[in-house]
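One structure is given here, and the rest of the page talks about it.
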2 protein chains.
Amino acid sequence: MDPHLLRTFVTVARLRSFSAAAGELGYTQSAISQQIAALESDLGLPLLSRRPVEPTPAGERLLEHAGPLLLRLRAARADVLRAAAPPAYRLRLAATPLALNATLAGRLARARAAQPRLEVTVLGCGREDVAALVASGEAEIGLADGVAAPSDPLRLPESGPLTVVGVAEEELVVALPPGHPLAGRPGLRLADLVDARWLQTTLCPLERLRALQGEGFPAALDHRGDDVQTVLNLVRAGHGLTLLPAPLLPATLPATLLPATLPTALPTALPGAPLSAGPLPAAPGASGACGVPLLTPRLVHRVEMLHGALPPGPAADLARTLEAREQA
Amino acid sequence: MDPHLLRTFVTVARLRSFSAAAGELGYTQSAISQQIAALESDLGLPLLSRRPVEPTPAGERLLEHAGPLLLRLRAARADVLRAAAPPAYRLRLAATPLALNATLAGRLARARAAQPRLEVTVLGCGREDVAALVASGEAEIGLADGVAAPSDPLRLPESGPLTVVGVAEEELVVALPPGHPLAGRPGLRLADLVDARWLQTTLCPLERLRALQGEGFPAALDHRGDDVQTVLNLVRAGHGLTLLPAPLLPATLPATLLPATLPTALPTALPGAPLSAGPLPAAPGASGACGVPLLTPRLVHRVEMLHGALPPGPAADLARTLEAREQA
DNA sequence: CGGGTCCATCACAGTTGCTTATAGCAGGTG
DNA sequence: CACCTGCTATAAGCAACTGTGATGGACCCG
């Protein structure tokens, strides 16, 4: 079970061709053939059917393991090298679309003001990629967002011993089209909305709601993608409901009423965050869609930061700044 | 990053000696020396300090990765072989101490009655070992128990793509010494007990309670081990409180009162389980300690079954029987 | 200071794993 | 039906690797 052979195996299975895999990996076709033969004789099983080249059932099992295995291997290497790397002034931040919100963007600005030499790259990616990018060393720090009960951790796919810290929690609102009968309510209960039409989005997968609340939540429209404006437009046009972080939507009530109706202050609305980039105090141009606070169950839009061993220096400083002092 | 070298590295680090590792792995000392040198030159970092032999910081990082990595490698191999194995009549069941409760022991008896040729071995082990034993093929099926909110999954350490199903949930009670002032209550709230003296046990780690309820739960006595009788004796002697599955303790109220006071029927007390081994309807000899139902938060003692790809045959049948029909 | 223990290094040998060359097989085509 | 083409399997040769055994230097201890 040499990782080398494993890599060859997944390449052959992906390309469904020995010769093509040979080309991609820079070997001769003969070498590929021998490697696959070695793997099969090691396990004592055929892993690929030839002509056409397709994984056997046993090969399918192996494929399921091979990906995470090779990822962890890269992660181990990256982590060890990171532990002994000199302080770097380049920092790559892997972030899901809603993770880098106003609060965190502000903290990032603060960190850059304190450390002008720091070059920051933000890599937008999906929720399932963040951990992989950080673990394999393609990003120093990851930010992932999701829906969770307050102070409950998100469940991100594991890919090694990464440090995971919650860095922000924002109130969640139900996004409604402007004329919706519920739009005037001071708050809503998720249980009352199990039969409503819902959008299936990557930001708020219905699977997650069903796990939290029970069956229901029929999918009215399935949106694959991560563009918030598109989702807002779909809501506005009445395609269905979805949950979004409160700062993205204007409240339907006069602002003076809101603080009293909300059960607790938002944990992220702490003092001491004088952002150099404005914190967008009013909602951006949602033009129509409006949000009603979700009262029960208590759910929040949570952002977690993940990173491996950071060398002391700007990267570690930034991590500390992003973390801010949530517990103090 | 050959797994072979990785295995050598962890052995050397564990034994803190090249020569001893050579003996254990069946190589010469020279080979070990060369393997470590190869690993270090591959990563470009010293991983071990010599004389005395100790991991460097980078080596420590690598050690953290190496264990899970090698486990997953074994898991992959075992899983592939399992997928293509002939139906086996030997079945090894890895179970934590409280996992094989009366309900599941009954289901196991039913399965064995239906399949007399089946040879069953039960491997007692800790919560953190179950997944590893199943993944690496040392057990076909695993049973792990823990404290969780109703129908919430336990969080077991990952070690590959295993199927995880909840198979039983039992009510939790607070175990109290007989003369305790709270012993007569119909139910208790965890929030009222944050300042009580608690036992730290493997069955109910206080860390878990703090995660569910918040700070508090001072540890009065730390019990390392998994013997329930010992824990009951400690409770009876007043060393502290703990949470235990209800069937282990006699109720403090007349049995006729209980069904009315409990919010819901126990999910595992389903009809259709005529156990050939008696289901122990009364509590075993708890002799003194008694249990008071835990009302809020709603917590249960949950048992999960985990397994990889099971070949059709007795093993798969048993898995189905253990699973019973929870959803029907 | 001498013996013992431990790791590093060197030289050598067996094995592994690659390349080149060629054989075998299935499918398309005139 | 014969032939060509594109694919994988096999054989032979060669280079690199990975082990063994022997040896050397550093350190500890009596």
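In what follows, chains carry the letters A, B, and so on, assigned in the order in which the sequence lines appear, proteins first and then strands, with residues in each chain numbered from 1. No experiment lies behind these values; they were computed from the predicted model shown.
Each salt bridge (Lys or Arg N to Asp or Glu O under 4.0 Å) pair with one or both residues in residues 24-38 of chain A, not counting sequence neighbours, appears once here: Arg14(A)-Glu24(A).
For Arg50(A), a side-chain nitrogen or oxygen approaches OP1 or OP2 of dA9(D) to under 4.0 Å.
Of all the heavy atoms in Leu318(B) and Ala111(B), the pair that sits closest is CD1-CB, 3.3 Å.
Between the side chains of Thr56(A) and Glu60(A), no donor-acceptor pair of N or O atoms lies under 3.5 Å. A donor and an acceptor atom, one from each side chain of Gln29(B) and Ser19(B), are nowhere located under 3.5 Å apart.
Taking the side chain to side chain contact (heavy atoms under 4.5 Å, CB included) definition, one finds that His239(B) meets it with Leu199(B), Leu221(B), Leu234(B), Ala237(B), sequence neighbours left out. Looking at residues two or more places apart in sequence or on another chain, you find a side chain to side chain contact (heavy atoms under 4.5 Å, CB included) between Pro3(A) and Leu70(A), Leu73(A), Pro3(B). In this structure Arg92(A) satisfies the salt bridge (charged side-chain N to carboxylate O under 4.0 Å, His left out) test together with Glu140(A), sequence neighbours excluded.
Put simply, CD on Gln29(A) is 15 Å from C1' on dG17(C), counting in whole angstrom units. Atoms NE2 (His4(B)) and C1' (dT16(C)) sit 13 Å apart, rounded to a whole Å.
Of the residues in residues 31-48 of chain A, those placing a heavy atom less than 4.0 Å from an atom of DNA chain D are Ser33(A), Gln34(A), in numerical order. Only Ser17(A), Phe18(A), Ser19(A), listed by number, bring a heavy atom of residues 7-28 of chain A to less than 4.0 angstrom from any atom of DNA chain D.
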Problem - side chain to side chain contact (heavy atoms under 4.5 Å, CB included) evaluation trace for Glu304(A) with Val167(A) - result: CA-CA 5 Å; Glu304(A) 291 185 347; Val167(A) 289; 5.8 Å; no
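For Ser30(A) against dT20(C), a side-chain-to-base donor-acceptor contact under 3.5 Å is present.
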